[in-house]
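These notes are about the structure you will find just below.
Every chain is numbered from 1 and lettered A, B, ... according to where its sequence line falls, protein lines coming before strand lines.
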2 protein chains.
Amino acid sequence: MIDLSYKSNQPIYEQIIEQMKLHVMKGHLQPGDAIPSVRKLALELGITPGTVSKAYQELERQQIIETIRGKGTFIADKIQIKPDEGKLEERKKRLQTEIMELRMMGYDKNRIVELVKEIYEEMIEC
Amino acid sequence: MIDLSYKSNQPIYEQIIEQMKLHVMKGHLQPGDAIPSVRKLALELGITPGTVSKAYQELERQQIIETIRGKGTFIADKIQIKPDEGKLEERKKRLQTEIMELRMMGYDKNRIVELVKEIYEEMIEC
DNA sequence: ATAACTGTATCATATCAAATGGTACACTTA
DNA sequence: TAAGTGTACCATTTGATATGATACAGTTAT
């Protein structure tokens, strides 16, 4: 379900957050679906429950999942769409960075646009 | 010349690297141009020379700048283009993350593509 | 009730990257 | 010679990440 990379400089909890979001986006996880308990996922990944909990708490803050004490954690009924202006600016900045780096690698405008389209399509497909 | 954000989770030296690259890309800095000495820039930004040096060394490793002992640091004559397959995969992954987040915010394919084009154009203009 | 499962909270600890502050060395220019 | 370059250390601090252990509170099934 989750595939961790320990070589990555990306924190474990962030990797969990992103991959859960991808699963939701691809439809592998539907609203109402249960996701593994913090203990189960921690055991499966060989990490501490606290780290999984940290990821789940951020996902809940973003209203991607809902947690019910004693019952478990579930995909939210309605995936919220939040404009969140401040975050949008951050996203644009990061996007600019990636585009700049690709340009440094010799990618021109069209190749970058094509790459973005490719990545988008891959993300939708199951 | 460089605008630091201390609130950002992005390290200072990385911010310097990115903004220098942007200046080169926008043409504000031309091949052969001198950039501030590590001490001057450190003083201007209120940081340690070692941090600026770290940024400059990475920029030199990427052949964006050239340093000459006792003389100073300059924009490289030819900005190298390096395919660097491993890095490309990292870039694609990060791009995927940004695209996913934008989609979570309600951006559809066309809006994302338009945003990418916008950012690209902004990057070229002075 | 009881057992087994949920998520949450806390604490001390360890690790690592980032940045600081200071010092020193080697080179170039005026 | 003096002032300015980049570089190289080193000890220290800070903050984020993750661990390991324990404990609490709620739910479910028996």
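Here the P atom of nucleotide C:dG22 and the CD1 atom of B:I47 are 16 Å apart, to the nearest Å. Between the C1' atom of C:dG7 and the CD atom of A:E60 lies a distance of 9 Å, rounded to the nearest Å. One can place OH of B:Y13 at 13 Å from P of C:dT20, the figure rounded to the nearest angstrom. Across the protein-nucleic acid pair, A:L45 atom CG and D:dT19 atom P stand 10 Å apart, rounded to whole Å. Rounded to an integer number of Å, the gap from OH of B:Y56 to P of D:dG6 is 7 Å. As a whole-Å value, the separation of A:I12 CD1 from C:dA14 P is 19 Å. Note: CG (B:L43) to C1' (D:dT5) measures 15 Å, nearest angstrom. For A:E58 and C:dT8, the CD to P distance is 13 Å, given to the nearest whole Å.
Taking only side-chain atoms of A:T48, from C-beta outward, the nucleotide of D:dT19, C:dT6, D:dT17 with the closest atom is D:dT19. Candidate nucleotides C:dA19, D:dG6, C:dT8 were compared by shortest atom distance to the side chain of B:T73, and D:dG6 ranks first. Considering only the side chain of B:K40, D:dT5 comes nearest among D:dG6, D:dA18, D:dT5. Of the candidates D:dA18, C:dA19, D:dT27, D:dT27 carries the atom nearest the A:K71 side chain, counting heavy atoms from C-beta on. Listed nucleotides: C:dT8, D:dT5, C:dT20. Nearest to the side chain of A:R69: C:dT8. Closest contact between the side chain of A:K54 and the listed nucleotides D:dT17, C:dT6, D:dT19 involves D:dT17.
At least one side-chain heavy atom of A:V113 sits less than 4.5 Å from a side-chain heavy atom of B:K117. Two residues are said to be in side-chain contact when any heavy atoms from C-beta on lie closer than 4.5 Å; B:I65 and B:Y56 meet this criterion.
The phosphate of C:dA19 (OP1 or OP2) has no side-chain N or O of B:T51 nearer than 4.0 angstrom. Residue A:T67 has no polar side-chain atom (N or O) positioned under 4.0 Å from OP1 or OP2 of C:dT6. Look at A:S53 and you won't find any side-chain N or O under 4.0 angstrom from OP1 or OP2 of C:dG7.
With respect to A:E101 and B:K21, a salt bridge is recorded, a charged nitrogen being found less than 4.0 Å from a carboxylate O. Using a 4.0 Å cut-off between charged side-chain N and carboxylate O, A:E90 and A:K93 make no salt bridge.
Between A:Y6 and B:P49, the one whose closest nucleotide on DNA chain D sits nearer the 5' end is B:P49.
A:E58 and A:Q62 share a donor-acceptor pair across their side chains, judged by distance under 3.5 Å alone.
For B:R39 and D:dG6, a side-chain-to-base donor-acceptor distance below 3.5 Å is present, hydrogens and geometry of angles not being considered.
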